[in-house]
Amino acid sequence: MAASENKLIIAILIGAVAGIISGCLYGSKMVAVAWIGDLFLDALKMMIVPLIIAAVISGVTSLGDIRKLGKVGGMTLLYYAATTAIAVLIGLFVVNLIQPGVGVGQATSELTEQITNKSDTGFVEIIRSLISPNVISAAANMQLLPLIVFSLLFAAALTTIGDKNVTIIKFFDGLNEVMMKLVIWVMVFAPVGIFALIAGKIGSAGGAQAIQQELLAVGSYCFTVILGLSIHFIVLFTILIVFSKKGRDYLFKLLRALITAFGTASSSATLPLTMECALEAGVDKRSIKFVLPIGATINMDGTALYESVAVMFIAQAYGISMGLGEQAIIFVTATLAAIGAAGIPQAGLVTMLIVLEAVNLPAEGIGLILAVDWFLDRFRTTVNVWGDSVGAAVIESYLPKENT
Ligand code: ASP
């Protein structure tokens, strides 16, 4: 590994730790630096739309014909589905074991109005969100799912028009390279950006004492979520070792992306860094371009696990027992709700309504976990990004040989 990479990883780690310490020590005073974090976040977001379009089109066309795309696509979807399902099962296991909700009181309804008022959370809405009537407005509004669908279709069609596709493919290959260069430039600011993001967030949450109080109120719930996420992190690591050519240092190389995920609570904003880290870790470019953009948008293991724990926690708090049948419904709906969640902060809290509705739990229950959600979001986003990164390494082994 290049010495400069090592230095950057250490600098980012120091930035994150310094952010936590100064947020705790100086509390709301650190809100003053939040704009620096937002600037970094905006620089990352600025790259997402061109990067996703260029990466998906260049990634798909580099796979060759549509049949190869079908095979790799099938494997990728299988990976996403299997790991998300494992995540939900782990969530259900730990929440049944620890039972964090038993004895916790019920929630008041005012708190949750901001969440429950959102109406775009049904299954039909998720399916409809795959296609946008206007790709330009989808790009302008950062609706990534329809952009990915468009890019996939566009690239698939490109592979069917013979030599006429050469210039267009070269254009998107070039665009992808340029965007990756920009990522390297922006990454230099990551230590300061992550410091400011974390310090500013802890500051706006009221500093160490306020956070401690919030966490203690539902401490056993937070513990359950974080325990489940840690177990899944290790399961993904095992999958990496068993099904890919990568080993321990892959985790180290991905650290920059994982810390950024923790700092930003957004897997979409982290995507440019995830791609760059995977590239530096030697993952096949085709796998990176195909698996990571789609994964950042639909593959959310951490979110799925969190949703299953949160819903069971609410049921326990309300004293409503969830039998095997209900837990099977939670299993299916939490998986789908995680797919529907955007890679932005606290999106999982909104799509969780689908799961609550499916098992007839009161939406107000969300009020119980609202205060700590920003905190847990960071852990689940880190696992979301780790799940995508492991996916890129695993799918690499199933790619067709280049130029065949
Ligand atoms: N913040 C998560 C992400 O970007 C989504 C969520 O669970 O809220 O991956």
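- For T84 and D301, the side-chain atoms include at least one donor-acceptor pair closer than 3.5 Å.
- Remark: side-chain polar atoms of S58 are not paired, donor with acceptor, to backbone N or O of D173 under 3.5 angstrom.
- Taking CD of Q316 as the start and CD1 of I98 as the end, the distance is 10.0 Å to the nearest 0.5 Å.
- Heavy-atom minimum distance, M300 versus S267: CE-OG, 4.0 Å.
- Within a 6.0 Å sphere centred on CD1 of I136, other residues, nucleotides and ligands contribute 12 heavy atoms or fewer.
- Judged by distance alone, the side chains of Q327 and N96 do bring a donor and an acceptor atom under 3.5 Å apart.
- Relative ring orientation between F172 and F154 is described as perpendicular, the plane-to-plane angle rising above 60° on a 0-90° scale split at 30° and 60°.
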Exercise. Checking side chain to side chain contact (heavy atoms under 4.5 Å, CB included) for the pair I12/L255: CA distance, chi angles, key distance, verdict?
Worked result: CA-CA 9 Å; I12 291 176; L255 262 187; over 6 Å; no

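- Note that the CD atom of E280 and the CD1 atom of I184 stand 6.0 Å from one another [nearest 0.5 Å].
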Exercise. Which is it for R380 and D373 under the salt bridge (Lys or Arg N to Asp or Glu O under 4.0 Å) test, yes or no, and what are the steps along the way?
Worked result: CA-CA 10 Å; R380 64 183 190 252; D373 191 68; 3.1 Å; yes

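- With respect to K246 and E396, a salt bridge is recorded, a charged nitrogen being found less than 4.0 Å from a carboxylate O.
- Side-chain contact annotation: T303 with N384, donor-acceptor N/O pair under 3.5 Å present.
- Here the CG-CG distance, from L51 to L182, works out to 9.5 Å after rounding to the nearest 0.5 Å.
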Problem set entry | Steps toward ring-ring contact (aromatic ring centres under 6.0 Å, His included) verdict (F313, Y221) | CA-CA 7 Å; F313 170 77; Y221 161 69; 4.5 Å; yes

For this session: Apply side chain to side chain contact (heavy atoms under 4.5 Å, CB included) to the pair N299 and Y79, showing each step before the final yes or no.
Result: CA-CA 9 Å; N299 180 42; Y79 170 84; 4.1 Å; yes

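- S266 places a side-chain N or O within donor-acceptor distance of the main-chain N or O of G343, the cut-off being under 3.5 Å.
- Defined by atom type and a distance below 3.5 Å, a donor-acceptor pair is missing between the side-chain atoms of D377 and Q346.
- For the pair K289 and D284, the salt-bridge criterion is not met [side-chain N within less than 4.0 Å of a carboxylate O].
- The closest donor-acceptor contact from the side chain of D249 to the backbone of F252 lies at 3.5 Å or more, if one exists at all.
- Between atom CG of residue L273 and atom CZ of residue R256 there is a gap of 8.0 Å, rounded to the nearest 0.5 Å.
- Taking a 6.0 Å sphere around CZ of F243, one finds it holds 12 or fewer heavy atoms contributed by other residues, nucleotides or ligands.
- Within the 3.5 Å criterion, the main-chain N or O of V283 finds no donor-acceptor partner in the side chain of S287.
- The aromatic rings of F262 and F379 stand perpendicular to each other, their planes meeting at an angle above 60°, with 30° marking the opposite boundary.
- In terms of heavy atoms, P362 sits closest to I320 at CD-CD1, 4.5 Å.
- Judged by distance alone, the side chain of Y398 and the main-chain N or O of T76 form no donor-acceptor pair under 3.5 Å.
- Side-chain atoms of Q143 and S129 form no donor-acceptor pair, as typed in the model, at a separation below 3.5 Å.
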Exercise. Does the side chain to side chain contact (heavy atoms under 4.5 Å, CB included) test come out yes or no for N165 and T61, once each step is laid out?
Worked result: CA-CA 10 Å; N165 66 13; T61 50; over 6 Å; no

